[in-house]
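First up is the structure itself, then whatever we jot down about it.
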Amino acid sequence: MANSLKINGQMLSVDAPEGTPLLWVIRDELKLTGTKFGCGVASCGACTVHIDGQPTRSCQTYIEDVADTEITTIEGAESDVARAVHQAWNELNVVQCGYCQSGQIMSAVGLLTENAKPTADEIDDYMWGNACRCATYQRIRTAVQRASDILEA
């Protein structure tokens with residue numbers, strides 16, 4: 001079944017049956033592989049994308065539910081906030097294995113879009129649903145704080 005989706009600012013037509021998770025459309029149909037499969041039950045955050053600006057787990061979001069929305073993947077995250085987050089991640093060498101990092105970054109962008117100057121506790125509360133098997137949580141928190149500073153400058 002043909003579906004029209006707006007992904008990263010482009011209207012695209014994808015052939016996927018109703019009930020198909022957005023994650024698989026993004027990865028398999030559109031070949032945007034920055035969005036990762038982690039758990040499949042929206043618990044780890046590796047599949048986080050933005051839907052209408054809100055961080056959303058794409059593994060549990062179905063194709064029929066996003067027809068009239070704007071979807072942004074890690075490949076399309078180009079706002080000032082996203083650039084600051086990317087800069088902070090690079091400056092602080094946050095990534096260890098990197099598998100969870102696109103989801104971490106998309107969540108961090110969501111946080112800083114809502115709250116430009118979060119406290120450490122606010123960062124922890126917002127980011128808690130993003131799992132990192134390498135346990136880089138301290139570096140992630142520091143990078144979110146650094147991105148906030150970059151945005152403030």
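Note that this is a predicted model, so its numbers are computed, not measured.
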Item to check | Nearest heavy-atom neighbours spanning His86 and Ile74 | outcome: CE1-CD1, 4.1 Å
Checklist entry - What pair of heavy atoms forms the shortest contact from Ser13 to Ala2, and how long is it? => result OG-CB, 4.1 Å
Item to check | Considering all heavy atoms, the nearest Ala131-Cys100 contact | outcome: O-CB, 3.3 Å
Item to check | ring-ring contact (aromatic ring centres under 6.0 Å, His included): pairs with one or both residues in residues 120-153, sequence neighbours excluded | outcome: none
Checklist outcome for this item: Residues Trp89 and Gln104: closest non-hydrogen pair is CZ2-CB, 4.1 Å
Next on the checklist: Tell me if a side-chain donor or acceptor on Asn8 pairs with a main-chain N or O of Thr73 at a distance below 3.5 Å.
Outcome noted: yes
Next on the checklist: Quick one: does any side-chain atom of Asn3 pair with a main-chain N or O of Asp15 as donor and acceptor, under 3.5 Å?
Outcome noted: no
Checklist entry - At what distance, to the nearest 0.5 angstrom, does CE of Met11 lie from OG of Ser4? => result 5.0 Å
Next on the checklist: If the condition is salt bridge (Lys or Arg N to Asp or Glu O under 4.0 Å), which residues does Glu70 pass it with, not counting sequence neighbours?
Outcome noted: Lys6
Donor-acceptor pairs under 3.5 Å, side chain of residues 139-153 to any protein atom, not counting sequence neighbours: which ones?
unit_1, atom_1, unit_2, atom_2, d
Arg139, NH1, Asn93, O, 3.2
Arg139, NH2, Gln96, OE1, 3.1
Arg141, NE, Asp124, OD1, 2.9
Arg141, NE, Asp124, OD2, 3.4
Arg141, NH1, Gln138, OE1, 2.5
Arg141, NH2, Asp124, OD1, 3.3
Arg141, NH2, Asp124, OD2, 3.1
Thr142, OG1, Gln138, O, 2.9
Arg146, NE, Glu91, OE1, 2.7
Arg146, NH2, Glu91, OE1, 3.3
Arg146, NH2, Glu91, OE2, 3.4
Ser148, OG, Ala116, O, 2.5
Asp149, OD1, Lys117, NZ, 2.8

Item to check | Under 3.5 Å side-chain donor-acceptor pair for Glu122 and Asn115 | outcome: yes
Checklist entry - Measuring from Thr72:OG1 to Met106:CE, what's the distance to the nearest 0.5 Å? => result 6.0 Å
Item to check | Heavy-atom pair with the smallest gap, counting every atom of Leu112 and Pro118 | outcome: CD2-CD, 3.7 Å
Next on the checklist: Looking at Thr35 and Cys47, would you say the former's side chain and the latter's main chain have a donor-acceptor pair under 3.5 Å?
Outcome noted: no
Checklist entry - Short question: side chain of Thr20, backbone of Ala16 - any donor-acceptor pair under 3.5 Å? => result no
Next on the checklist: Among residues at least two apart in sequence or on other chains, which ones pass salt bridge (Lys or Arg N to Asp or Glu O under 4.0 Å) with Asp52?
Outcome noted: none
Checklist entry - Same hydrophobic cluster for Ile105 and Leu23, using side-chain heavy-atom links shorter than 4.5 Å among ILVMFWY? => result no
Next on the checklist: Show every ring-ring contact (aromatic ring centres under 6.0 Å, His included) that has at least one partner inside residues 37-70, sequence neighbours left out.
Outcome noted: Trp24-Phe37
Checklist outcome for this item: Using a 4.5 Å side-chain heavy-atom cut-off and chaining through intermediate ILVMFWY residues, the residues clustered with Ile71 come out as Leu5, Ile7, Leu12, Val14, Leu22, Val25, Ile26, Leu30, Leu32, Val49, Ile51, Ile63, Val66
Checklist entry - Which distance, rounded to the nearest 0.5 Å, do you find between the CD of Glu75 and the OG of Ser102? => result 8.0 Å
Checklist entry - Going by atom types only, do Gln54 and Thr56 share a side-chain donor-acceptor pair under 3.5 Å? => result no
Checklist entry - Going from CD on Gln101 to OG on Ser107, what distance comes out if it is rounded to the nearest 0.5 angstrom? => result 11.0 Å
Next on the checklist: Assess, by modelled atom type and distance only, whether the side chains of Arg57 and Thr48 contain a donor and an acceptor separated by less than 3.5 Å.
Outcome noted: yes
Checklist entry - Taking atom CG of Leu92 and atom OG1 of Thr136, what is their separation to the nearest 0.5 Å? => result 11.5 Å
